[in-house]
Amino acid sequence: MTNPALRQQVINIYKELLNLGKEYPLGYQYFQTRLHNAFASQAGLQDEEKIKKAIERAEYVKKEVEALYYLKRYRALRQRYR
């Protein structure tokens, strides 16, 4: 990777996703392994446009995982106050 700013973005999104994985329903180890494999499969990217698209996809996944957590919390609260 030639652009250090892009490299830092990739590292930051990886760390954010790892942090989100701590509460993953199937367990942290499952999430961490899948995340590592997903990032490792894209490690050879050199084109900046492709790297930016991969970062956008990672941001989308991050939002989806957050939505999963919010839905889980909502269902738990709803269940408690029935």
K.L.:
Can you name the side-chain hydrogen bond (donor to acceptor under 3.5 Å, both in side chains) partners of Y60, sequence neighbours left out?
P.N.:
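Result, side-chain hydrogen bond (donor to acceptor under 3.5 Å, both in side chains) vs Y60: E64.
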K.L.:
Kindly give the heavy-atom pair with the smallest separation between R73 and E23, and that separation in Å.
P.N.:
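So the minimum-distance heavy-atom pair works out to NH2-OE1, 3.6 Å.
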K.L.:
Taking salt bridge (Lys or Arg N to Asp or Glu O under 4.0 Å) as the cut-off, I'd like each qualifying pair that reaches into residues 26-46, sequence neighbours left out, listed once.
P.N.:
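Matches after skipping sequence neighbours: none remain.
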K.L.:
What is the ring orientation for F31 with Y24, classed by angle as parallel under 30°, tilted 30 to 60°, or perpendicular over 60°?
P.N.:
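Taking Y24 first and then F31, their aromatic rings sit tilted (interplane angle of 30° to 60°).
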K.L.:
State yes or no: do L17 and L68 share one hydrophobic cluster built from I, L, V, M, F, W and Y residues joined by side-chain heavy-atom distances below 4.5 Å, directly or via other members?
P.N.:
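Yes, it is one cluster - the side chains of L17 and L68 are joined through contacts under 4.5 Å.
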K.L.:
Regarding Q8 and N12, is there a side-chain donor-to-acceptor distance under 3.5 Å anywhere?
P.N.:
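A pair is found: one side chain offers a donor N or O, the other an acceptor, under 3.5 Å apart.
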K.L.:
Checking Y14 against L35 for the side-chain contact (heavy atoms from CB on, under 4.5 Å) test, could you report, in this order, the C-alpha distance in whole Å, the side-chain angles of both residues, the deciding distance, and whether it holds?
P.N.:
CA-CA 8 Å; Y14 184 79; L35 181 65; 3.7 Å; yes
K.L.:
Taking all atoms of both residues into account, what is the closest heavy-atom pair of L45 and K50, and its distance?
P.N.:
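Heavy atoms of L45 and K50 come nearest at CD1-O, 4.0 Å.
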K.L.:
Can you measure from NZ (K15) to CG (N19) and round to the nearest 0.5 angstrom?
P.N.:
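The distance works out to 11.0 Å.
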K.L.:
Indicate, with yes or no, if I11 and L6 share a hydrophobic cluster defined by side-chain heavy-atom contacts under 4.5 Å among Ile, Leu, Val, Met, Phe, Trp and Tyr.
P.N.:
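Per the 4.5 Å side-chain linkage, L6 and I11 are not co-clustered.
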K.L.:
To the nearest 0.5 Å, what is the distance between NZ on K52 and CD1 on I55?
P.N.:
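With rounding to 0.5 Å, NZ (K52) is 8.5 Å from CD1 (I55).
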K.L.:
Give me the atom names and distance for the closest heavy-atom approach of G21 to Y69.
P.N.:
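G21 and Y69 have their closest heavy atoms at CA-OH, 4.0 Å.
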K.L.:
CD of E56 to CD1 of I13: how many Å apart, nearest 0.5 Å?
P.N.:
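Output value for this atom pair is 11.0 Å.
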K.L.:
Can you list the residues that meet the side-chain hydrogen bond (donor to acceptor under 3.5 Å, both in side chains) rule with E66, with sequence neighbours excluded?
P.N.:
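Counting only residues at least two positions away or on another chain, E66 forms no side-chain hydrogen bond (donor to acceptor under 3.5 Å, both in side chains).
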K.L.:
For the CD atom of Q79 and the CG atom of L77, what is their distance to the nearest 0.5 Å?
P.N.:
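Atom-to-atom, Q79:CD and L77:CG are 10.5 Å apart.
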